[in-house]
Structures are given as structure tokens and as C-alpha cells.
Amino acid sequence: MHTNSDIETKLAGKGIKPTANRLLVYRALTEASGPVTLAMLEDSLVTVDKSSIFRVLTLFLEHDAVHAFEDGRGVLNYELCTTDGACNMTDGHLHFYCEACHHSYCLDTIKTPELVLPEGFTPHSLSFVVKGLCPHCRHSH
Ligand SMILES: [Zn+2]
Ligand SMILES: [Zn+2]
Ligand SMILES: [Zn+2]
């Protein structure tokens, strides 16, 4: 379990000042079992108004405290950056989107490849999403 001071340290490492809402959103992300959508965060943070949640997420994204990827529906999914301090995207991994239950899964053991881009291109994020059936849905079919 993360204490508020753990979270404050994480945020400070990303250059983010801790506020009550930022701590709440960060905590919700640590407690999520996988990547979450804005709607899922809104459901778990009923005490925080929706525009504040979105503003906090946008700030977290700008500071690489969270990473986002589009799931199979084109909906953004958010997850915490696992790197302390500045992130150079080495924590990137594959994601799996289940077309039956609309759940996104982290496939942490499969890292995204290091790309060598042509000169002049500066990557900021990359995502690999595989779509199909998750083990749970495969069994119920
Ligand atoms: Zn990262
Ligand atoms: Zn599924
Ligand atoms: Zn992930």
C-alpha cells in the first residue's frame, strides 16, 4: 500500500507538486488492476469533479508520470509510469485489448522494441496494442 508520502516522492521525482486531487488520482492509478480509462477513474473517484480528474491526468501525461495508449475502441487508457524520475520510455510494454469484455491488459513481460527513427524525429510515446480474446472470454465462448 502506498502512503501519501510515497506518492509525494514519486510526484516530486516527476517534477509535480502534490495537491490533494493529484494524490487522489495517483492513488487510484496505483490501486487499479490494470490500465484505466477516464470513465473508470471517474467511477472510482466520485469525490473529485470530472474536469479536475482530466486536468490532473493531462498534467501527469506532460510530466511522464502516466503513459496513455488507445485501446481497440480508440479510447485512451492510462497507467502509471514505472520509472522513477525522467522516463525515456524504456518501461514500454505490449498491451492486449479484449474485443469481448473491452478490458485492456498490460503484457509487462513483452517490452516494446527500441526504435531507431530517421533523423529529426523525436518520439514522445509509442504503444503497441494487440486485439483479440482474453483468456477469460476465450473460455466462456
Ligand atoms: Zn515511463
Ligand atoms: Zn475478455
Ligand atoms: Zn501497461
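Along the sequence shown, residues carry numbers from 1. Just so you know, ligand 1 is whichever comes first in the structure, and atom 1 is the first atom listed for that ligand.
Considering CG of L76 and CG of L57, their distance stands at 9.5 Å, rounded to 0.5 Å. Taken from NZ in K131 to OH in Y97, the straight-line distance is 8.0 Å, to the nearest 0.5 Å.
None of the N, O or S atoms belonging to H103 lies under 2.8 Å away from the Zn ion (ligand 2). Taking 2.8 Å as the criterion, C137 counts as a coordinating residue of the Zn ion (ligand 2), since one of its N, O or S atoms falls below it. Note on D108: not counted as a metal contact of the Zn ion (ligand 3), no N/O/S atom lying under 2.8 Å. Residue H95: an N/O/S atom is found under 2.8 Å from the Zn ion (ligand 3).
By the 4.5 Å heavy-atom criterion applied to side chains, K14 and C87 are counted as neighbours. Side-chain contact check for H95 versus S104: every heavy-atom pair is 4.5 Å or farther apart.
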Pair N77-T37, side chain to side chain donor-acceptor pair (under 3.5 Å): steps then yes or no: CA-CA 5 Å; N77 283 228; T37 62; over 6 Å; no
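The angle C134:SG - the Zn ion (ligand 2) - C98:SG amounts to 110°, with values rounded to 10 degrees. Geometry about the Zn ion (ligand 3) gives an angle of 110° between NE2 of H93 and SG of C106, rounded in steps of 10 degrees. Angle subtended at the Zn ion (ligand 1) by C81 SG and C87 SG: 110°, rounded to 10 degrees.
Salt bridge status for K10 with D84: present, with a side-chain N to carboxylate O gap under 4.0 Å.
When the Zn ion (ligand 3) is compared with the N/O/S atoms of E79, atom OE1 turns out nearest.
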